[in-house]
Asker: 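Sharing a structure with you now.
Note that the structure is a prediction, hence the values are computed from the model and not measured.
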Amino acid sequence: MAQAYQDGPEHYLARPDPTDPELDAFNALIPLGNRGWKLQHPRWGLLELQTPDGLAGLEYATGRLDAERELTTLEARWYMWGGPKNGYARWYATASTNTPTPLVKVITQSVSDPAPLPRWKDFLPRGLREHAQLVPVTPPPPVPTPLDVHRTASRRRPALTTRSVPRWSTTTTPSAILPARPSRSRR
């Protein structure tokens with residue numbers, strides 16, 4: 001999506017290919033197929049994919065749709081859902097025919113991404129706890145504040161101080177200076 005944004009609005013706000021909008025839609029379905037989503041009960045005018053565990057799905061309506069109904073009902077070109085069928089822990093999202101296919105593809109990539117998401121255990125609905133794989137996360141150690149640094153500095157031993165240490169020298173003392181020799185002319 002970032003590359004499409006850099007290329008300009010004609011790329012990320014582009015409507016589906018008018019010559020074959022159904023073929024253009026498959027670009028958004030590819031991430032789902034690559035991550036193991038399976039075709040479910042194909043019906044005339046509807047293509048449905050689901051996760052192997054049946055906890056998420058996508059329906060793509062083919063053919064002509066009423067633009068007004070797409071925006072005011074659940075009869076949209078794209079219908080995505082997730083969560084167990086019984087209970088209130090279910091979510092859904094819709095996208096109309098005029099939603100850019102690259103945007104729908106970004107959504108399908110995100111929904112099908114197997115990377116774990118951080119969640120507070122106590123805020124996870126009960127209906128989802130039995131389906132979730134909980135992994136405790138250990139927070140990183142805290143970064144010391146300036147006050148912590150100051151307190152630690154006052155407890156440290158003082159650094160070694162420098163002392164004058166006699167060292168050998170290559171300089172000569174004034175008493176060692178010899179009188180200058182007369183210069184001779186060179187031949």
Side-chain angles (χ1 to χ4, degrees), residues 1-140:
M1 195 65 183
Q3 183 59 48
Y5 184 76
Q6 288 177 347
D7 293 342
E10 65 278 2
H11 293 278
Y12 63 88
L13 291 179
R15 291 186 175 185
D17 182 0
T19 58
D20 196 350
E22 305 299 331
L23 186 60
D24 192 39
F26 280 103
N27 288 326
L29 301 175
I30 290 171
L32 303 177
N34 288 342
R35 292 191 175 139
W37 291 44
K38 302 291 183 209
L39 190 61
Q40 300 291 316
H41 317 292
R43 298 184 301 270
W44 180 258
L46 189 67
L47 179 67
E48 182 181 2
L49 289 105
Q50 277 188 19
T51 58
D53 63 6
L55 289 175
L58 176 137
E59 295 175 3
Y60 175 77
T62 61
R64 297 183 62 115
L65 296 176
D66 179 13
E68 182 65 29
R69 289 187 57 83
E70 281 191 85
L71 297 176
T72 58
T73 69
L74 293 180
E75 295 177 23
R77 179 71 59 197
W78 304 91
Y79 177 77
M80 294 162 266
W81 58 269
K85 291 187 179 187
N86 56 355
Y88 61 90
R90 193 171 172 100
W91 63 267
Y92 75 90
T94 61
S96 72
T97 300
N98 293 325
T99 302
T101 306
L103 179 59
V104 176
K105 184 176 181 179
V106 169
I107 294 168
T108 59
Q109 286 172 331
S110 297
V111 167
S112 64
D113 188 354
L117 297 172
R119 298 280 188 257
W120 293 105
K121 179 181 169 185
D122 296 338
F123 290 98
L124 191 63
R126 282 195 180 147
L128 290 180
R129 286 185 191 164
E130 62 190 53
H131 301 288
Q133 297 174 8
L134 300 178
V135 177
V137 176
T138 307

Asker: Measure across Glu48 and Arg43 and return the closest heavy-atom pair with its distance rounded to 0.1 Å.
Answerer: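 Where Glu48 meets Arg43 most closely, the heavy atoms are OE1-NH1, 3.8 Å.
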
Asker: Any non-hydrogen side-chain atom of Phe26 less than 4.5 Å from a side-chain atom of Leu47?
Answerer: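 Heavy-atom side-chain distance check passes, below 4.5 Å.
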
Asker: If you measure from CE on Met80 to CG on Leu49, what distance do you get to the nearest 0.5 Å?
Answerer: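 Atom-to-atom, Met80:CE and Leu49:CG are 12.0 Å apart.
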
Asker: Before you tell me yes or no, could you show the steps for Leu65 and Arg69 under side-chain contact (heavy atoms from CB on, under 4.5 Å), namely the whole-Å CA-CA distance, both residues' side-chain angles and the distance that decides it to 0.1 Å?
Answerer: CA-CA 8 Å; Leu65 296 176; Arg69 289 187 57 83; over 6 Å; no

Asker: Drop me the distance from Thr72's OG1 to Asp66's CG, to the nearest 0.5 angstrom.
Answerer: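 That separation rounds to 7.5 Å.
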
Asker: I would like to know whether Trp91 and Trp81 meet side-chain contact (heavy atoms from CB on, under 4.5 Å); could you show each step before the answer?
Answerer: CA-CA 6 Å; Trp91 63 267; Trp81 58 269; 5.5 Å; no

Asker: Which pair of heavy atoms, one from Thr108 and one from Ala28, lies closest together, and at what distance?
Answerer: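 Looking at all heavy atoms of both residues, the closest pair is OG1-O, 2.7 Å.
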
Asker: First locate atom CG of Leu58, then atom CD1 of Ile107, and finally report the distance between them rounded to the nearest 0.5 Å.
Answerer: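 Leu58 atom CG to Ile107 atom CD1 measures 10.0 Å (nearest 0.5 Å).
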
Asker: Ignoring hydrogens, what is the shortest heavy-atom contact between Lys105 and Asn27? Give both atom names and the distance.
Answerer: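 That would be CD-O, 3.4 Å.
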
Asker: Would you check if the side chain of Arg77 reaches a backbone N or O of Ala61 as a donor-acceptor pair within less than 3.5 Å?
Answerer: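 Judged by distance alone, yes, a pair lies under 3.5 Å.
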
Asker: For residues Trp37 and Ser112, report the shortest heavy-atom separation together with the two atoms involved.
Answerer: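 Nearest pair, atom of Trp37 first, then Ser112: NE1-CB, 3.7 Å.
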
Asker: Tell me whether Glu70 contacts the main-chain N or O of Thr97 through its side chain, where contact means a donor paired with an acceptor under 3.5 Å.
Answerer: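 Judged by distance alone, yes, a pair lies under 3.5 Å.
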
Asker: Which heavy atom of Thr101 sits nearest a heavy atom of Ala25, and at what distance?
Answerer: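 Closest approach of Thr101 to Ala25, heavy atoms only: CG2-CA, 4.3 Å.
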
Asker: For Arg35 and Gln109, work out which heavy atoms get closest and say how close.
Answerer: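 Of all heavy-atom pairs spanning Arg35 and Gln109, the closest is NH1-O, 2.8 Å.
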
Asker: Scan side-chain atoms only and decide if Thr51 and Asp53 contain a donor-acceptor pair under the 3.5 Å cut-off.
Answerer: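 Yes, Asp53 and Thr51 have a side-chain donor paired with an acceptor closer than 3.5 Å.
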
Asker: Output the distance between atom OG1 (Thr73) and atom CD (Glu68), rounded to the nearest 0.5 Å.
Answerer: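 Here the interatomic distance stands at 9.5 Å.
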
